A.B. asks: 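Below is the structure I would like to discuss, written out as structure tokens.
Just so it is clear, the model here is predicted, and its values are computed rather than measured. In what follows, chains carry the letters A, B, and so on, assigned in the order in which the sequence lines appear, proteins first and then strands, with residues in each chain numbered from 1.
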2 protein chains.
Amino acid sequence: MKRATIGDVAAAAGVSVATVSRVLNGGAVRQATAARVWEAVTSLDYTPNALTKSIFAGRSSTIGVVIDDLTSPFYLDLMRGIDEVASANGSLVMFANTFHDPGREVAHVRTMDEQRVRGLVVTSGASTDERTRRMAEGGTPCVIIARSLPQPPPHLHSVKLDNRAAGRMMAEHLVSCGRRSVAVISSGPRPSHTERIEGLRRGLGEAGLALPDDAIASADANSEVDEAMAALLVRRPDAIVCLTGRRTVAVHSALAARGLRFPDDLAFLTMDDFAWGPALGITVIAQPAYRMGQRAAELIVENPNRAARLTFKPELITRTSCGEKG
Amino acid sequence: MKRATIGDVAAAAGVSVATVSRVLNGGAVRQATAARVWEAVTSLDYTPNALTKSIFAGRSSTIGVVIDDLTSPFYLDLMRGIDEVASANGSLVMFANTFHDPGREVAHVRTMDEQRVRGLVVTSGASTDERTRRMAEGGTPCVIIARSLPQPPPHLHSVKLDNRAAGRMMAEHLVSCGRRSVAVISSGPRPSHTERIEGLRRGLGEAGLALPDDAIASADANSEVDEAMAALLVRRPDAIVCLTGRRTVAVHSALAARGLRFPDDLAFLTMDDFAWGPALGITVIAQPAYRMGQRAAELIVENPNRAARLTFKPELITRTSCGEKG
DNA sequence: GTGAAAGCGCTAACAC
DNA sequence: GTGTTAGCGCTTTCAC
């Protein structure tokens with residue numbers, strides 16, 4: 001009933017634990033001896049304890065991921081990218097959701113540190129920066145995702161979207177579709193959203209269009225979207241921009257509930273591509289989330305000395321929701 | 001640069017390691033001593049090594065999840081349910097995707113075993129059963145998800161949907177919507193699909209309707225859906241049933257590409273609810289995936305002696321894609 | 001080639 | 001209360 005240890009195997013094979021360790025990890029052992037050891041391994045159903053192994057290495061082989069919320073399409077794809085690289089490197093991924101709760105976030109990052117993860121990917125707020133920075137200095141590669149740090153600490157890698165470019169891209173596309181009055185909905189005051197708005201405003205400005213502050217609403221939760229939408233619609237905009245894929249469904253629903261149709265009543269442009277995008281004809285600005293996840297995991301695996309600052313370009317995926325011309 | 005150990009803390013505080021361990025884990029220590037220890041902990045930035053701790057416990061506090069593919073809506077919700085319970089219990093979750101590759105699956109389950117996970121949730125094929133069974137016998141609670149085992153091994157918990165009920169529910173709903181010729185698309189020969197088909201066939205049978213074998217097609221990948229659909233459509237069905245949420249988008253697209261509209265040209269009924277369901281008016285048979293994930297994690301946390309066999313009831317979420325009346 | 005023995009960072013008796 | 005000491009399961013010198 002009890003698990004066999006390396007000592008049990010050694011006893012069964014009539015050798016020392018050192019020898020067993022050698023055949024398991026590829027040291028120089030005579031053919032015949034190795035055979036006896038493998039026999040014992042099999043008959044005892046021995047499974048090495050990775051935890052104990054990690055004591056010597058100083059750290060585990062697991063990659064830690066602390067994410068806002070798996071439900072968001074961006075994070076989901078990011079996760080898949082991380083998983084792919086981890087899997088190819090024999091690493092497992094350990095993850096935890098923060099649900100935007102700073103307390104949870106700090107706790108999870110701490111736990112990851114205690115687990116001596118091989119590296120850490122954090123996508124959440126700024127509350128973890130202190131510890132993350134120390135972890136990085138201590139030799140655990142850490143990569144910050146999707147966040148713009150004013151002055152990024154050395155050692156901390158970062159992977160992000162060029163948010164200003166995304167905003168500008170939105171402006172240019174809407175202008176090219178003949179829209180002149182844009183309303184924006186975001187999900188709380190995140191730095192990435194601020195940058196997207198900056199880009200949007202600049203792009204609009206170049207076309208002689210303004211983006212006044214009251215054309216921007218915010219909804220921290222899906223339940224707040226309807227109210228925010230109502231506030232925006234009194235301005236009679238001809239285009240709605242949703243700054244995050246996390247709110248696409250809710251914004252779409254709020255509009256649909258009012259009987260508004262795309263692109264006739266309103267142009268609709270949102271962030272992050274999603275599976276139903278083509279079917280619904282919704283034009284999006286896509287982030288290469290999967291690629292970003294892969295690169296993040298690669299940074300952990302490769303652990304370069306110099307802090308990497310990776311910025312990815314957004315991509316416009318044109319469909320029909322903005323009244324695109326043929 | 002090097003990490004502080006419990007010994008470093010002890011030295012800095014002028015106490016023994018045992019005392020440090022006590023203040024960290026809540027033993028009886030004098031107030032003043034504890035204060036000195038905490039001071040040392042802080043100044044040395046000491047973070048206990050969870051790996052080493054787990055050696056004593058015999059296992060880690062992490063819950064392992066080996067899943068087919070995070071992309072599927074069912075598995076995603078399942079995962080969120082698991083995460084919720086794990087998080088509430090101070091556990092982290094470690095996961096790996098198999099992408100339906102038996103080789104990957106075996107390797108991942110093995111790795112989880114080596115990691116001495118507190119418990120394991122497996123959603124994949126049968127290739128892991130041997131090892132999983134041994135793990136369970138060895139005291140690691142294992143729960144099999146969404147799979148019907150002919151004769152489930154003792155010790156292995158299982159959490160599944162009542163697939164026959166789901167099939168019957170589909171039949172009854174379509175019949176009540178006046179449909180008489182049903183075509184079915186599945187994703188490969190999974191036991192759960194077989195059961196759903198059985199239920200569907202029985203339900204249809206009670207209404208005097210048949211479900212011949214050539215009204216059932218299979219698509220192992222999204223890329224095969226279009227061809228499978230073409231084969232089904234020659235029978236001129238008045239209803240299409242999709243047996244898995246993983247194929248909903250592809251099936252919907254294949255139909256839409258042919259200019260077929262719901263519910264006028266065809267009824268459309270699929271498995272697993274999804275965010276865009278309401279917007280698209282697609283009627284679904286939902287699995288309580290989140291709840292199932294919670295229960296699976298609870299089984300691991302509680303680790304009951306008797307193997308649990310949990311079966312969940314599907315739920316019909318009526319919208320408009322089947323031509324529902326009023 | 002192989003074994004004995006010293007640790008890895010920590011907990012848990014057991015003394016004082 | 002606090003320290004000493006013996007492990008937990010494993011890797012890794014260092015002899016032989």
A.B. asks: Name the first nucleotide and the last nucleotide along DNA chain D (5' to 3') that come under 4.0 Å of a heavy atom in chain B.
C.D. replies: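 Boundary nucleotides touching chain B, in 5' to 3' order, are D/dG1 to D/dC8.
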
A.B. asks: Should A/Arg80 and A/Asp77 count as an ion pair when the cut-off is N to O under 4.0 Å?
C.D. replies: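 Salt bridge: yes.
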
A.B. asks: Evaluate side-chain contact (heavy atoms from CB on, under 4.5 Å) for A/Thr62 paired with B/Thr62, printing each intermediate quantity in order.
C.D. replies: CA-CA 12 Å; A/Thr62 302; B/Thr62 302; over 6 Å; no

A.B. asks: Once you round to the nearest 0.5 Å, how far does OG1 of B/Thr19 lie from CG of B/Leu24?
C.D. replies: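 Result: 11.5 Å between the selected atoms.
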
A.B. asks: Is A/Glu298 salt-bridged to A/Arg295, going by a charged N under 4.0 Å from an acidic O?
C.D. replies: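 Result for this pair is yes, salt bridge flagged.
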
A.B. asks: Side chain of B/Arg3, base of C/dG9: donor and acceptor closer than 3.5 Å?
C.D. replies: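 Per atom types, no contact qualifies.
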
A.B. asks: How do B/Ala34 and B/Phe56 order along DNA chain D: which one's closest nucleotide is nearer the 5' end?
C.D. replies: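 Counting from the 5' end, the first nearest nucleotide belongs to B/Ala34.
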
A.B. asks: Does a side-chain N or O from B/Ser21 land closer than 4.0 Å to OP1 or OP2 of C/dA12, or not?
C.D. replies: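 Negative; the distance criterion is not met.
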
A.B. asks: Once you build an axis from the first five pairs and another from the last five of the helix from C/dG1-D/dC16 to C/dC16-D/dG1, how far apart in angle are they, to 10 degrees?
C.D. replies: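 For the helix from C/dG1-D/dC16 to C/dC16-D/dG1, the axes at opposite ends meet at about 40°.
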
A.B. asks: Would you mind telling me which residue lines up with the more 5' stretch of DNA chain C, A/Thr33 or B/Ile55, judged by nearest nucleotide?
C.D. replies: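 Here A/Thr33 is the residue nearer the 5' end.
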
A.B. asks: Side chain to side chain donor-acceptor pair (under 3.5 Å) between A/Ser54 and A/Arg116: does it pass, once the steps are laid out?
C.D. replies: CA-CA 9 Å; A/Ser54 304; A/Arg116 298 292 189 266; over 6 Å; no

A.B. asks: For DNA chain D, which residues in residues 45-53 of chain A have a heavy atom at a distance below 4.0 Å?
C.D. replies: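 Those residues whose heavy atoms fall under 4.0 Å from DNA chain D, taken from residues 45-53 of chain A in numerical order, are A/Tyr46, A/Pro48, A/Asn49, A/Thr52, A/Lys53.
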
A.B. asks: What pairs of residues pass the ring-ring contact (aromatic ring centres under 6.0 Å, His included) test when at least one of them lies in residues 22-63 of chain B, not counting sequence neighbours?
C.D. replies: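 Not a single pair qualifies under ring-ring contact (aromatic ring centres under 6.0 Å, His included).
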
A.B. asks: If a pair satisfies ring-ring contact (aromatic ring centres under 6.0 Å, His included) and one of its residues is in residues 59-100 of chain A, list it, with sequence neighbours excluded.
C.D. replies: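 Of all non-adjacent pairs touching residues 59-100 of chain A, those that pass ring-ring contact (aromatic ring centres under 6.0 Å, His included) are A/Phe95-B/Phe95.
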
A.B. asks: Can you tell me which residue among A/Arg131, A/Glu114, A/Arg134 is in a side chain to side chain donor-acceptor pair (under 3.5 Å) with B/Thr47?
C.D. replies: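 Of the listed options, the one satisfying the test is A/Arg131.
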
A.B. asks: Regarding B/Thr71 and B/Asp69, is there a side-chain donor-to-acceptor distance under 3.5 Å anywhere?
C.D. replies: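 Side chains of B/Thr71 and B/Asp69: pair found under 3.5 Å.
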
A.B. asks: For a side-chain contact (heavy atoms from CB on, under 4.5 Å) with B/Cys142, tell me which candidate from B/Met112, B/Met135, B/Arg133 qualifies.
C.D. replies: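 The residue from B/Met112, B/Met135, B/Arg133 that satisfies side-chain contact (heavy atoms from CB on, under 4.5 Å) with B/Cys142 turns out to be B/Met135.
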
A.B. asks: What's the verdict on side-chain contact (heavy atoms from CB on, under 4.5 Å) for A/Ser61 and A/Lys53, showing C-alpha distance, side-chain angles and the deciding distance?
C.D. replies: CA-CA 10 Å; A/Ser61 64; A/Lys53 280 187 170 169; over 6 Å; no

A.B. asks: CZ of B/Arg22 versus P of C/dA15: gap in Å, rounded?
C.D. replies: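 Those two atoms, CZ and P, are 14 Å apart.
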
A.B. asks: Are A/Arg3 and B/Thr140 close enough, and set up right, to give a side-chain contact (heavy atoms from CB on, under 4.5 Å), and what steps lead you there?
C.D. replies: CA-CA 11 Å; A/Arg3 270 183 192 275; B/Thr140 307; 3.7 Å; yes

A.B. asks: On DNA chain C, check which nucleotide each of A/Arg116 and A/Arg30 is closest to and give me the residue with the more 5' one.
C.D. replies: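 Mapping each residue to its closest nucleotide by heavy atoms, the 5'-most match is A/Arg30.
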
A.B. asks: If you apply the rule side-chain contact (heavy atoms from CB on, under 4.5 Å), what do you find for B/Leu78 with B/Ile145, and how did you get there?
C.D. replies: CA-CA 9 Å; B/Leu78 187 83; B/Ile145 299 271; 4.0 Å; yes

A.B. asks: Check the distance between C/dC10's P and B/Leu24's CG and give it to me in whole angstrom.
C.D. replies: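 To the nearest whole Å, that distance equals 9 Å.
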
A.B. asks: Pull out every residue in residues 4-16 of chain A that has a heavy atom closer than 4.0 Å to any atom of DNA chain D, ordered by number, or say none.
C.D. replies: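 Heavy-atom contacts with DNA chain D come from A/Thr5, A/Ile6.
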
